[in-house]
Amino acid sequence: MLVALARRYLRPYAGAVGLLLVLQLAQTLGSLYLPSLNADIVDQGVTTGDTGYIMRVGGWMLLVSLGQVLCAIGAVFLGARAATAFGRDLRRDIFDAVQGFSARELGQFGAPSLITRTTNDVQQVMMVVLMTFTVMVMAPIMMVGGVVMALREDPALSVLLVVIVPVLGVAVGLLMWRMVPYFRGMQARIDVINGVLREQITGLRVVRAFVRERRESERFGEANTRLYDVSLAAGKLMALAFPMVMLIMSLSQVAVLWFGAGRVSDGELQVGSLMAYLSYIMFILMAVMMSTMMIMMVPRASVAAGRIGEVLSTQTSVVEPERPVALESLSGGAGPRGRVDVEGVDFGYPGAEAPVLEDITFTAEPGRTTAIIGSTGAGKTTLLHLVPRLFDVTGGRVAIDGVDVRDLATDDLGALLGLVPQKAFLFSGTVADNLRYGKADATHDEMWDALEVAQARDFVEALPGGLEAAVAQGGSTFSGGQRQRLAIARAVVRRPRVYLFDDSFSALDYSTDARLRSALRPLAADATVLVVAQRVATIRDADQILVLDHGRIVGRGTHAELLDTNETYAEIVTSQMSLEEAA
């Protein structure tokens with residue numbers, strides 16, 4: 001997967017990579033040429049006392065060194081640009097892939113893992129690409145060139161290479177084989193730490209309210225210790241690699257000097273040639289050392305590349321239709337009205353023992369409010385999420401104006417809907433920025449009107465800057481009720497054909513709830529309204545109430561009808577209010 005990613009994302013930068021290879025080749029050849037020139041100075045200049053020869057060859061060495069430096073600078077510059085562009089493009093595609101995931105795929109990976117894959121995993125792969133351009137490309141050239149130049153200086157001494165290189169190769173291979181499982185464990189445990197940390201930051205108020213700081217510290221400490229253990233094990237192996245390579249290099253130098261000194265003494269080898277040969281041996285071993293450094297990085301990057309590949313290769317279960325139905329053709333060509341038909345719908349999560357929803361059938365008409373109520377875990381939110389295709393049904397169909405939502409383009413479907421999620425999430429920016437998520441070209445008057453309907457105008461006007469007041473990430477600067485009202489205004493500002501309220505009034509007091517619903521009624525007179533609620537007071541005036549229990553509709557009708565005829569609904573009502581209040 002690592003090679004596949006590199007091939008795919010470096011293709012646009014093939015020209016820069018090609019020039020980089022040329023510069024690295026020139027730099028390495030210059031490095032290999034310098035010991036030979038140095039040998040000539042010793043053997044033909046120093047030993048004979050020819051100062052002119054020393055100056056001429058020394059000047060040539062300076063020119064070669066200057067060219068080598070310029071090539072190295074150019075190679076590093078091009079390598080850094082290509083590697084960072086590679087990382088940028090990879091992060092962009094992961095982000096785009098995640099943006100296209102349905103709630104099913106998001107749940108499959110989990111937010112902490114997706115964050116790790118987009119940041120840490122991409123960084124691991126990008127660093128290997130960068131090191132490949134700046135180090136690894138040079139290593140094979142240096143190794144092959146070093147062997148050739150060493151043979152050129154003295155073939156007899158080169159028998160030592162037959163022993164040295166295989167010993168290094170076997171030692172490095174064993175280390176690599178041992179490190180791969182540790183690096184795989186490190187990435188998985190980084191996911192766990194991100195998950196724990198994300199929970200603690202998100203639920204900080206709950207942690208403090210229940211005085212659970214010590215327990216959360218213990219949870220984080222346990223996850224941190226597990227990461228420490230596997231990192232320490234991998235670090236010990238990495239720490240062993242360099243001393244091992246240095247030991248082999250030092251023993252190689254001793255062997256070359258031992259056997260070379262005898263050949264010099266016998267007159268079979270010049271002193272300068274021995275010096276050059278020693279330099280080439282060091283080049284060969286340095287190439288192996290650089291390869292060792294890269295090999296230690298490659299296992300972790302390979303694991304990271306595999307995790308990235310899983311994200312990029314995952315196909316969303318919510319796919320665009322090949323031939324989407326145009327909005328203008330809905331309702332017999334009259335355009336969208338917003339009638340929602342849920343016909344024999346089943347839904348189950350992959351691998352689940354039982355479906356979440358079974359045989360759900362109802363119609364929500366424009367100009368009418370359809371409410372869904374039931375106990376926790378009855379499937380209310382899941383049912384509502386089938387309309388905007390956050391999930392796709394596993395049986396039956398959901399239709400708008402008689403057209404299956406799977407046959408509408410995602411953008412067109414979204415334009416018909418105004419969703420207020422169960423968790424009123426706000427984005428960092430300003431109040432206006434958040435309202436324009438609902439309608440990108442909303443005017444100030446339209447935004448103020450939406451805030452008026454959502455009962456949010458008063459507190460927004462009191463903010464410094466009004467519509468331009470700053471909103472912290474997640475809306476943490478607002479109370480739960482304020483966030484809910486802003487989320488409702490965000491849906492209202494687009495004037496959708498279908499309103500989807502997922503328990504969106506739970507943080508409001510009863511009077512604000514009543515005023516909001518009263519203000520919304522004339523605005524949504526021609527629209528379809530679907531409301532999921534836990535609170536009976538929110539839905540008692542609905543035109544149609546569906547009672548869900550264990551994923552099935554066990555009752556439908558008005559508040560008064562269900563109160564008299566449906567035991568499940570009556571139990572919910574009496575748990576919240578007296579019979580006199582309910583009537």
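Numbering starts at 1 and runs along the sequence shown. Predicted model, so just to flag it, every value in this text is computed and none were measured.
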Is there a donor-acceptor pair under 3.5 Å between the side chain of [X] and the backbone N or O of [Y]?
| X | Y | answer |
| --- | --- | --- |
| Arg91 | Thr118 | no |
| Asp96 | Asp93 | no |
| Arg189 | Arg226 | yes |
| Arg483 | Phe478 | yes |
| Glu468 | Gly465 | no |
| Arg490 | Leu435 | no |
| Gln68 | Thr28 | no |

**Study point:** Positive for side-chain contact (heavy atoms from CB on, under 4.5 Å) with Asp229, one of Leu227, Thr225, Leu232
**Key:** Thr225

Review point. Ion pair present between Arg215 and Glu218, side-chain N to carboxylate O less than 4.0 angstrom?
Key: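 Yes.
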
**Study point:** Non-neighbouring partners of Tyr182 that pass ring pair (Phe, Tyr, Trp, His ring centres under 6.0 Å), sequence neighbours left out
**Key:** none

Exercise for review: State which residues pass side-chain hydrogen bond (donor to acceptor under 3.5 Å, both in side chains) with Thr316; sequence neighbours excluded, sorted by chain then number.
Suggested key: Glu105

**Study point:** Neighbour count above 12 (heavy atom, 6.0 Å) for Tyr228 OH
**Key:** no

Check your understanding: Does atom CZ of Phe427 have more than 12 heavy-atom neighbours from other groups under 6.0 Å away?
Key ->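 Atom CZ in Phe427 is crowded, with more than 12 foreign heavy atoms closer than 6.0 Å.
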
Evaluate the side-chain proximity of [Y] to [X]: yes if any heavy-atom separation is below 4.5 Å, no if none is.
| X | Y | result |
| --- | --- | --- |
| Leu312 | Leu5 | yes |
| Tyr9 | Val129 | no |
| Leu10 | Arg7 | no |
| Thr116 | Arg307 | yes |
| Leu417 | Pro388 | yes |
| Leu486 | Val460 | yes |
| Asp433 | Val471 | no |

Check your understanding: Just how far is it from atom CZ of Arg494 to atom CG of Leu416, taken to the nearest 0.5 Å?
Key -> 9.0 Å

Revision key, fill the gap. CD of Glu446 to NZ of Lys439, rounded to nearest 0.5 Å, is 3.5 Å

Show the atom names and distances, to 0.1 Å, of all donor-acceptor pairs under 3.5 Å that link a side chain in residues 72-90 to residues at least two apart or in another chain.
residue: Thr84; atom: OG1; partner: Ala80; partner atom: O; Å: 2.8
residue: Thr84; atom: OG1; partner: Arg81; partner atom: O; Å: 3.1
residue: Arg88; atom: NH2; partner: Tyr13; partner atom: OH; Å: 2.9
residue: Asp89; atom: OD1; partner: Arg92; partner atom: NH1; Å: 3.4
residue: Asp89; atom: OD2; partner: Tyr13; partner atom: OH; Å: 2.6

